[in-house]
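Keep in mind the model is a prediction, meaning the values are calculated, not measured. Labels below follow one simple rule: chain letters A, B, ... track the order of the sequence lines, proteins then strands, and each chain is numbered from 1.
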Amino acid sequence: MDRDRVVEILQEIGVLLELKGENPFKTRAYASAARTLEGLEEPLETLVKEGRLGTLKGIGDALQQKITELVTTDRLEYYESLKASLPSGLMDLLELQGLGPKKVKALYDKLGVDSIETLEQVCASGKVAELAGFGEKTQAKILESIAFKKQFASQHRLDQALRVAEPILDSLRGHPDVIRCSLAGSARRWKEILGDVDFLASSRNPAAVIDYFVTQPGVLQVLAKGETKASLILEGGIQADLRVVSDKEFPFALAYFTGSKQHNIVMRQRALERGMRLNEYGLFRSEEETRDPALLHPCATEDEIFQALELQFIPPELREDLGEFDAAEKGRIPRLIEWTDLRGSLHNHTHWSDGNESLEEVAAQVHELGCDYWAITDHSRSSVQARGLTPERLRDQIAQVARINQSYADEGSAFRLLTGSEVDILSEGRLDFDDTLLAELDVVVASIHSGFSQNEAEMTHRLIRAAENPFVHMLGHLTGRLLLKRDAYAVNQQAVIDACAATGTWIELNASPQRFDLDWRLWSYAKRKGVRCVINCDAHRAAHVGYLRLGAGLGRKGWLTKDDVINSLPLAQLRQALGKKRSSCPG
DNA sequence: GCCGTTTTCGGCCCGACTGTTTTCAGTCG
């Protein structure tokens with residue numbers, strides 16, 4: 001059984017135990033073990049074989065035994081019997097707003113509710129309101145959230161969330177009672193998928209800010225509204241929460257509401273170890289629970305909180321409890337890539353294949369935006385659905401790019417288009433164009449667009465063979481995933497990364513927000529192997545230039561620095577880098 | 001179920017909001 005499935009099962013056990021009313025800390029132990037495995041950088045199988053599972057954080061004797069059973073026998077008796085003891089529909093109920101394990105258990109025990117359908121029925125008949133601990137309002141809210149779940153998704157892509165959140169952020173910042181205001185939560189940590197959007201503001205008049213927040217354009221529903229906190233549903237079904245604090249509290253609240261949960265737990269722990277207490281209101285010189293201003297260790301910024309806990313500043317993108325504390329203690333948090341470090345993108349399309357604009361239009365737009373270069377990598381002939389280019393059309397395009405570049409040179413501009421192709425990796429790893437043609441191009445991106453159903457060994461072999469081609473500069477969107485839409489195809493990503501390291505092939509961080517592929521969780525591994533990254537827009541229209549900002553954020557989340565990212569190089573050095581793999585290979 | 005310069009038991013992060021309650025449990029982040 002592979003790692004991802006083991007992670008899923010551990011998470012599910014955690015939830016099932018919650019429904020059973022088990023000790024919450026036991027429940028958390030399963031969730032935290034799942035997280036540990038998720039962040040694993042070597043094959044789970046190796047750890048199991050060598051009996052090293054127990055050395056991992058949060059995995060003791062019991063979990064070691066269960067994980068070993070899963071990996072070696074493909075099943076776990078404990079899980080099977082736990083699952084059999086509860087109806088599977090209960091898991092769906094937990095996704096409803098306002099329903100947690102206790103309420104779900106009560107509904108199941110007292111009314112036999114075992115699915116959303118049966119829950120809807122008992123609510124409609126009024127039976128829920130009669131239960132102890134429930135009432136008319138709870139019953140109505142449950143019906144509301146069932147209707148909501150039917151209408152809207154519970155998860156949203158980063159770009160979709162930012163599209164609604166950033167105008168509200170601007171609007172709040174313009175309010176006269178707002179002193180400081182920021183995004184918080186997973187949006188500030190630049191997670192690729194979000195459940196909701198969090199805002200934090202500081203003010204002397206919280207009520208005015210809350211009132212302003214709930215009347216923003218695009219608010220569908222107000223879920224909760226208190227003195228210092230409100231929750232809304234925005235158009236598109238995204239939930240947005242605002243918390244308002246005093247300006248003195250702002251840095252503490254910002255750190256707190258940015259999370260992640262796991263990161264915060266470690267922060268609080270560090271405070272306790274130093275005889276202090278950290279919460280969203282401050283860092284207090286007391287181990288007792290307090291908000292006494294006399295005990296406050298004042299911090300004007302988040303940076304000062306980290307200092308007080310003897311840590312280097314940890315950028316929000318890294319706050320996942322995936323190694324940032326170890327690095328920050330040693331002063332080894334690197335200066336992460338900024339999107340303004342990027343000089344252009346090396347994987348983009350035009351209307352020659354499935355893009356939207358002409359070569360001239362693309363050149364003019366990205367030049368205007370300040371890029372130094374832009375590679376044109378339209379699809380190759382096998383991608384018929386994307387109007388892939390034949391060798392003849394590609395040679396025609398090369399000539400036209402040369403003509404456009406000449407006109408920039410004549411104007412005295414240093415901007416250049418680069419010729420290229422996003423060449424299909426066919427089955428068995430053959431490429432769609434022969435090496436002679438690839439050798440004529442400035443930039444070659446090799447990607448898979450067909451045969452998604454091959455098994456892991458076949459897919460991995462295809463990608464490794466493509467990496468071994470001396471004319472392939474980089475692999476594009478390694479797993480083919482479309483977030484919230486299509487799973488990654490089966491591929492051993494570590495093995496492909498190893499092959500890229502061995503052949504000097506780069507890997508793309510596809511900055512299209514529906515891909516973000518290679519995943520941020522794998523860049524540390526790639527980086528350690530010496531593989532360099534290219535943050536590419538995969539632009540199909542002019543507006544996609546904006547993906548550079550999103551992609552750079554995901555690069556930051558993967559701990560990448562300017563030196564790790566090829567397209568931070570100026571043009572002359574980029575050309576050298578592009579020539580390197582070809583010149584190091586014989587023939 | 002995990003963990004230990006407080007190590008084999010007794011902790012495990014914590015506060016706001018809501019609704020159902022007359023003092024608090026459940027949910028959420």
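Legend: residues meeting ring pair (Phe, Tyr, Trp, His ring centres under 6.0 Å) with A/H156, ordered by chain and number and at least two apart, are absent. For A/E117, there are no salt bridge (charged side-chain N to carboxylate O under 4.0 Å, His left out) partners, not counting sequence neighbours. A/H297 meets the ring pair (Phe, Tyr, Trp, His ring centres under 6.0 Å) test with no other residue; sequence neighbours excluded.
The list of side-chain hydrogen bond (donor to acceptor under 3.5 Å, both in side chains) pairs with a residue in residues 301-310 of chain A, not counting sequence neighbours, reads A/R188-A/E302, A/R274-A/E310, A/E302-A/R319. For the ring-ring contact (aromatic ring centres under 6.0 Å, His included) condition, the pairs that include at least one residue of residues 223-269 of chain A, sequence neighbours left out, are A/H263-A/F325. Applying the ring-ring contact (aromatic ring centres under 6.0 Å, His included) test to residues at least two apart or on different chains, the pairs with a partner in residues 205-234 of chain A are A/H175-A/Y212, A/F199-A/F213. Each side-chain hydrogen bond (donor to acceptor under 3.5 Å, both in side chains) pair with one or both residues in residues 549-559 of chain A, not counting sequence neighbours, appears once here: A/E166-A/R549, A/E317-A/R556, A/E320-A/K557. Applying the side-chain hydrogen bond (donor to acceptor under 3.5 Å, both in side chains) rule to pairs touching residues 53-66 of chain A yields A/Y30-A/K66, A/K57-A/D321, sequence neighbours excluded.
In A/R486, the CZ atom is crowded: over 12 heavy atoms of neighbouring residues, nucleotides or ligands sit closer than 6.0 Å.
For the segment residues 256-269 of chain A, the set of residues with a heavy atom within less than 4.0 Å of an atom of DNA chain B comprises A/Y256, A/K261, A/I265, A/R268, in numerical order.
Per the geometry, CG belonging to A/L223 stands 12 Å off C1' belonging to B/dT18, to the nearest Å. In this structure, the CG atom of A/D198 is 16 Å from the P atom of B/dA16, given to the nearest Å. Atom CZ in A/R189 sits roughly 13 Å away from atom P in B/dG29 (whole-Å rounding). Atom CD1 of A/I67 is separated from atom P of B/dG1 by 12 Å (rounded to the nearest Å). Atom CG in A/L10 sits roughly 12 Å away from atom P in B/dG1 (whole-Å rounding). Rounding to whole angstrom units, CG of residue A/D196 and P of B/dT27 are separated by 18 Å. Nucleotide B/dC12 holds its C1' atom 13 Å from the CD atom of A/E273, rounded to whole Å. In this structure, A/D241 atom CG and B/dT27 atom P are separated by 18 Å, rounded to whole Å.
Taking atom C1' in both B/dT20 and B/dA25, one finds a spacing of 9 Å when rounded to whole Å. Here the separation of B/dT6 from B/dC2, taken at their P atoms, is 22 Å to the nearest Å. Across B/dC9 and B/dG15, the matching C1' atoms stand 29 Å from one another, rounded to whole Å. Distance noted for atom P between B/dC13 and B/dC17: 23 Å (whole Å). When the C1' atom is compared between B/dG1 and B/dT5, the two are found 24 Å apart, to the nearest whole Å. Spacing of C1' atoms, B/dT18 relative to B/dT23, comes out at 15 Å, to the nearest Å. Spacing between B/dG11 and B/dA16 at atom P, rounded to whole Å, works out to 25 Å.
Note that CZ of A/R3 is 8.0 Å distant from CG of A/L37, once rounded to the nearest 0.5 Å.
A salt bridge is defined here as a Lys NZ or Arg NE, NH1 or NH2 lying under 4.0 Å from an Asp or Glu carboxylate O, and A/R243 with A/E249 fails to meet this definition. A salt bridge is absent between A/K141 and A/E144: the closest approach of a Lys/Arg side-chain nitrogen to an acidic carboxylate oxygen does not fall below 4.0 angstrom.
Below the 3.5 angstrom threshold, one finds a donor paired with an acceptor across the side chain of A/N23 and the base of B/dG1.
Positionally, the nearest nucleotide of DNA chain B for A/K229 lies more toward the 5' end than for the other of A/P101 and A/K229.
Of the candidate nucleotides B/dG15, B/dC17, B/dC2, B/dC17 has the atom lying nearest to any side-chain atom of A/A224. You'll find that the side chain of A/R28 is closest to B/dC12, out of B/dG1, B/dC17, B/dC12. Among the nucleotides B/dC2, B/dT27, B/dC28, the one closest to any side-chain atom of A/Q97 is B/dC28.
At a threshold of 4.0 angstrom between heavy atoms, the contacts of A/T228 are confined to the sugar-phosphate backbone, with no base atom among them. Residue A/K105 is out of contact with every strand shown, counting any heavy-atom pair closer than 4.0 Å. Residue A/L94 is classed as having no contact, given no heavy-atom separation below 4.0 Å to the nucleic acid. As judged by a 4.0 angstrom heavy-atom cut-off over every strand, A/L99 is placed among residues touching the sugar-phosphate backbone only.
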Which atom pairs, one a donor and one an acceptor, fall under 3.5 Å between side chains of residues 123-138 of chain A and the rest of the protein, sequence neighbours left out?
from   : atom 1 : to     : atom 2 : distance (Å)
A/S125 : OG     : A/Q121 : O      : 3.4
A/S125 : OG     : A/V122 : O      : 3.0

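Proximity of A/Y281 to the phosphate of B/dC13: no side-chain N or O atom is located under 4.0 Å from OP1 or OP2. A sub-4.0 Å separation between OP1 or OP2 of B/dC12 and a side-chain N or O of A/S32 is absent.
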For A/E12 and A/Y79, run side chain to side chain donor-acceptor pair (under 3.5 Å): C-alpha distance rounded to whole Å, both residues' side-chain angles, the deciding distance at 0.1 Å, then the answer.
-> CA-CA 9 Å; A/E12 201 180 327; A/Y79 167 64; 2.9 Å; yes
What string of B, S and - do you get for nucleotides 19-25 of chain B 5' to 3' if you count protein non-hydrogen atoms under 4.0 Å?
-> SSS----
Just the table, please: protein N/O against nucleotides 3-9 of chain B N/O, every pair under 3.5 Å.
from  : atom 1 : to    : atom 2 : distance (Å)
B/dC3 : OP1    : A/G58 : N      : 2.8

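The partner of B/dG29 is B/dC14, by the rule that a Watson-Crick or G-U pair needs both atom distances under 3.5 Å.
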